[in-house]
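Sharing a structure here in structure tokens format.
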Amino acid sequence: MSYFINVILPIPLDKEFTYCINKSEAIFLKPGMRVAVQFGKSKVYAALVTTVHQNAPLIYEAKEIEHILDETPIVTQYQLKLWSWISNYYLCTKGEVMRAALPGAFLLESETIILKNDKVEFDESLLKDDEFLIYEALQYQSLLRIQEIMNIIGKKNVLPVIKRLIEKKVITVQEEIYEQYKPKIVRYIRLNSEYTKEDSLRTLLDTMTRAPKQREVLMHLFTLQAKATKPIKVSELVEVSKSSSSIIRTLIDKNVLEEYHLQTDRVQFSGDIKGYTKQLNEYQDNALQEIKDSFKDKSVCLFHGVTSSGKTEVYVKLIEEAILENKQVLYLLPEIALTTQLISRLQEYFGEKLTVYHSKYSVNERVEAWNNVKEGKAKAQVIIGARSAIFLPFVDLGLIIVDEEHENTFKQYDPAPRYHARDSAIVLANMFSARVVLGSATPALETYYNAQQGKYGYVKLTRRYGNVLMPDINLVDIKTKYRKKEMTGHFSDTLLAGIHEALREGEQVILFQNRRGYSPVIECNTCGHSPQCPNCDVSLTFHNYKNQLRCHYCGYHMAMPQKCMACESVDLTTKGFGTEQIEKELKELFPDHRIGRMDQDTTRGKHGYEKIINSFEQGDIDIMVGTQMLSKGLDFRNVSLVGIMNADNLLNFPDFRAHERSFQLMQQVAGRAGRTKKRGKVLIQTFNPFHQILQQVSINDYTGMYKDQIEERHQYKYPPFYKLIKITGKHKDYNKVNEATNWLGRSFRNVFKENVLGPEFPPISRIRNQYHKNLIIKIPQGQSLGKTKEVIKKIHSSFKSIKEFSGVRVVINVDNY
Ligand code: ADP
Ligand code: ZN
Ligand code: ZN
């Protein structure tokens, strides 16, 4: 009898691969465990077992595995099912899904880079011989590759040793994709365990009568310990006891106190755990009841509540109930970085039960969260995270909340899997018969449509919390303003008057401009030349502060030239404007006020977002200029005016979702105004005040917008009526892309006829030196999705066998957002 396993390798391989094992291995191995295998001539991988069986592969001879890496599965059956669904639905390989799903520490392969882990101390004597060799090598070398480790310990089968060292926290793996997250180390203090008994403590205090200061510090430590449920920081003790760190040092040296270190999270919780949640008002309460009622016969509910209606507090009640039933909860957010406000709010309620899962956390932290979820620990009962959190190994999921469900950051663009986290979350929830709440003030058209069709429940909340009125939105016709010379820079007199008034009342202002930088185009007045990115098909954007021209697609930058690069004329002008220019104008117009800017350029670095959000929150900034980051659910108490500098460049975007998106974005930005008492004001500057979308924004007319847009979608055969699959060919040679995509276009058109659009070069057809050309396949309702995808796969594999197209990358994006 022979035994085999099928495994997923973490590479873009269409099929699972089969390896052979012996009988005892067959008894031991379970789906979800990792095995070390060789692949190709020299590569090694930690591969994931999906099935154990007895069917020898037909076309190749199965190799033996090298070693079993896990004692228990690291991946659950539910996850394997979800991976399968994602790879089928989004037309990618399971290996690609595996890569996105597993924390880096689980993904061992020849290319993995091993680093030593400085953060944790451990006992060298506990290391086995081969482990010690690696540990020692890392004292002299900052990193090691797997190949080098093979040489060091003189054998090929090294993944088990590496795995043990990762578990012992001696080493960690480097992840090149993400910025390394460095956990903060905080010093904590406690009484030496010798003195924790009452009589020894009394003796200690008696001996300290001659050191009143030290005695005082101790007394303070006791009070702190009595009150607090969490560790006590050295800094805290210094502050409360009004002593100095040198006194504490002395106590540590005397072995009275003990100091220890703990890693703290990036979004560390410093407030008190309230442990109770807010009481809902009657409207929120009704909404909560309606959501629960809708769950009686539908598993998904769209919760359509206007901005500042208090949706979060309703989610919180649902989470509380799920916790009482001992279920796990997943809270999905479009972006973690921008939501520190929300996270601390939830931490106040749920304390330790809440775990934040973030791709920027260290490998070890992510593994820890992973294991806590898999073991169903109370510590990780509520998980809050961005899209990748759907990949956690839930064991008993009861509720998923998708907050701001309309946001397109839920869809991953690059690399594969190009999955939509909202839609995948619904599939995930189904496996557990869990409930899903999709929350938004401006639902995605598709979601609203599904609710209208009765597929999802629908609950509406139209009142802001505290009965504050929805902001008063006015359109400012800047065409007329320019003609009448009522503009100062990019500000109409109306907007300026509004800002002055808000500032006079001691209120804050938000100004939205969807472009960063100073101005997008530099043009020569003599010859008309404007500097282009050498790698991409776009003009460079001028950044005044650094006096640079930058490409927003590839990061290319150069010093701002003094003269035209074509004709050497010095007569250069700038066209269009970005956040930086608005900031500069504001500084001149309001010299006595503090101006802040929030865009990709100012929020870099570790705590970039937090710093800016905090200083605005604390009133250190009066006027904040920013890009769409400002639209993301921020809750500022004192903003009374929101200005949109130019609505037109949003509306004119060449995309079938441009109008829907503009509506959502403007409503969301507007929603930052007047969230507490006074009704907020919004001014939208535009050349086109009669544009239908702007009219709808100005009267909060979501249903009107929906009706118009859904009509257009129907007429022009777009989602939700047709499904879209976008296929992009990429190559550095223009002609090659052209021919390759033409070939694909012909092949698809043979089957799908008029439901194929393109191939067409997009408006920006070259990015990072690669030409792009797109095809769109439209799939009508009623046409089998499965069969359609089979055809696409077939044509794709014929394509791959054509020699002259080799090197052309084909990217398939299902439900392209
Ligand atoms: P949304 O998510 O719908 O935009 P939020 O949940 O952020 O709205 O609520 C808006 C503001 O109202 C927040 O500052 C929140 O603390 C406050 N709030 C909402 N509901 C309540 C409540 N039941 N009791 C007290 N404050 C509330
Ligand atoms: Zn010129
Ligand atoms: Zn570029």
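When a ligand or atom number is given, it counts from 1 through the structure's own listing order.
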Taking only non-hydrogen atoms of Thr312 and a 4.0 Å limit, the atoms of ligand 1 in range are 2 (O), 5 (P), 6 (O), 7 (O)
So CG of Leu330 and CD of Gln381: to nearest 0.5 Å the spacing works out to 13.0 Å
Among Lys317, Arg464, Arg345, Gln668, the residue with a heavy atom nearest to atom 7 (O) of ligand 1 is Arg345
One finds that the ligand 1 atoms under 4.0 Å from a non-hydrogen atom of Gln279 are 22 (C), 23 (N), 24 (N)
Check: of Ser440, Gly466, Gly310, Ala441, min heavy-atom distance to atom 9 (O) of ligand 1 comes from Gly310
Report yes if Gly305 has an N/O atom closer than 3.5 Å to an N/O atom of ligand 1; otherwise report no. no
Rounding to 0.5 Å, atoms CD1 (Ile343) and CD (Glu348) come to a distance of 13.0 Å
Ligand 1 to Val306, heavy atom cutoff 4.0 Å, flagged ligand atoms 3 (O)
| message | If we count only N and O atoms by modelled type, under 3.5 Å, do the side chains of Asn467 and Arg464 hold a donor and an acceptor together? | response | no
Cys527 SG to Cys564 SG via the Zn ion (ligand 2), rounded to 10°, gives 110°
Contact region, Lys311 to ligand 1, non-hydrogen atoms below 4.0 Å, reads both
Here the atoms of ligand 1 under 4.0 Å from any heavy atom belonging to Leu280 are 23 (N)
If we number the atoms of ligand 1 from 1 as shown, the ones under 4.0 Å from a heavy atom of Arg637 are 14 (O)
